[in-house]
Amino acid sequence: MSYYFSIIGTRDNPLFEHEFGTSKSGGDGVSRFREEARHMNQFIVHSSLDVVEELQWTNSGLYLKNIDRFQNNHIHCFLTGGNIKFLLLMNPDPTSTTYSAYPPTTPPRQHPSITSRQNTLLANNPSSAQTEEAVRQFMNEVYENWIKAIMNPFYIVNQPVTSPMFRARVAAAARKYL
Amino acid sequence: MPSTTQPPLADPVPIPPPKPFVSRLRHPSSRKTIYDRNLSRTQTTPTSLPAFAYLFNTLITHHHSQSGSVSEIETRLNRAGYPIGIKLLDLLLYRQQTATQRPAQRPTRILELLQFVHTTLWRALFNRTADALEQSTSKKNEYMIVDNEPVVNTYISIPREMSQLNCAAFIAGVIEGLCDAAGFAMEGVTAHWAHEQGVKAEEGAVVNEEMWPGKTIFLLRFGEGSVQRDDAIKAGGGG
């Protein structure tokens with residue numbers, strides 16, 4: 001169960017990225033994405049920006065829930081007041097996700113301990129209410145830290161966020177809720 | 001016999017190995033950073049007006065020394081207030097959310113946005129609501145917010161030759177930043193005096209005019225795209 005969290009500015013420019021894995025049920029908090037996922041994740045997340053832009057004018061809340069799905073990846077979105085998008089990509093089974101159009105000839109084998117552990121994890125039901133609730137709480141906490149970060153008078157909007165404290169806070173929120 | 005394998009090319013300038021990232025972030029000795037401060041704390045503590053007036057005064061003097069004409073000073077004050085507006089939008093939405101325990105609503109329609117500016121923004125900045133909100137009859141994309149006595153103009157006196165300058169252009173910049181951040185493209189927000197400055201009202205004039213000599217009108221001009229989108233939402237039954 002792996003996550004890729006990205007904050008995207010008003011000009012579709014990424015301001016912050018963070019990859020992590022789940023820490024619940026004995027997970028070690030390390031993401032298990034494959035090699036190609038490094039750049040594919042960014043593609044998938046940015047392609048769901050179109051969906052966000054459609055939704056943002058009809059839905060006046062901040063949390064837009066699960067907006068898109070691509071080959072086993074689910075994307076949740078939170079929109080701040082200033083049109084900055086927090087996108088969370090979650091993949092319950094990253095080792096078996098192939099990004100090419102052709103199905104794999106032999107499915108990659110999974111270690112049995114991973115399989116049994118994953119059954120209890122949050123992400124096995126990515127569209128359940130429990131997942132939405134956990135993601136919502138995570139997003140709210142990141143939102144609070146985000147406001148504190150942008151209130152810095154030297155921070156110009158749409159600049160990348162490089163503060164190590166912000167990264168540590170996001171990671172802590174991830175460990176707590178996801 | 002020439003050797004078939006070539007020796008590797010030597011770098012003309014050896015590149016030093018990349019240094020590991022060393023954070024130059026300084027921590028106060030109590031290990032508390034900005035992330036530990038409560039966002040709602042400054043909501044209740046009042047800011048001192050003289051301190052703000054002093055700072056604002058210096059700001060105006062600085063811009064005045066660097067530019068010549070009245071409109072240029074107003075533009076500079078507008079640009080100075082702009083980033084504040086962007087950050088205020090998120091802060092006010094967050095405080096609304098914390099106070100009422102209901103998730104905050106982003107303003108998606110023009111009217112919602114104007115109500116937000118008229119009440120929430122003015123209350124947060126000046127502890128009162130703005131005095132009036134009007135739509136212009138001549139142009140569809142112009143709206144006016146009226147403030148009888150802008151707090152920022154309290155200690156500012158304008159000389160006669162610059163009587164057109166209204167230093168509430170700073171607040172106009174804050175409003176423009178907030179509307180832009182909410183996604184409504186603006187042509188501009190400007191601050192105008194409601195009455196002509198430096199001209200004595202003639203006999204028999206309405207008493208109302210003299211009661212608020214500093215009455216300021218903020219003219220908000222929305223861009224074409226925002227108005228069209230608003231109409232489309234209304235037509236689509238968005239409400």
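Chain letters run A, B, ... following the sequence lines, proteins first, then strands; residues in each count from 1.
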Note: vs chain B, highest number of non-hydrogen pairs under 4.5 angstrom among Leu79(A), Asn152(A), Asn140(A), Ile84(A) is Leu79(A)
Qualifying ring pair (Phe, Tyr, Trp, His ring centres under 6.0 Å) pairs, either residue in residues 60-86 of chain B, two or more places apart: none
Salt-bridge present ([X], [Y]; N to O < 4.0 Å):
X	Y	answer
Arg169(A)	Glu141(A)	no
Glu133(A)	Arg136(A)	yes
Arg106(B)	Asp90(B)	no

Give a yes or no on this: more than 12 heavy atoms of other residues, nucleotides or ligands lie within 6.0 Å of atom CG of Asn127(B). no
Sort Thr80(A) into side chain, backbone, both or neither according to what part of it lies under 4.5 angstrom from a heavy atom of chain B. both
Please flag which part of Tyr63(A) lies under 4.5 Å from any non-hydrogen atom of chain B: side chain, backbone, both or neither. neither
Can you spot which of Phe5(A), Tyr177(A), Phe86(A) makes a ring pair (Phe, Tyr, Trp, His ring centres under 6.0 Å) with Phe138(A)? Phe5(A)
Among residues 172-187 of chain B, those lying within the under-4.5 Å heavy-atom range of chain A are Ala181(B), Ala182(B), Gly183(B), Phe184(B)
Describe, in one word, how the ring planes of Tyr3(A) and Phe20(A) are oriented to each other, choosing from parallel (under 30°), tilted (30 to 60°) and perpendicular (over 60°). parallel
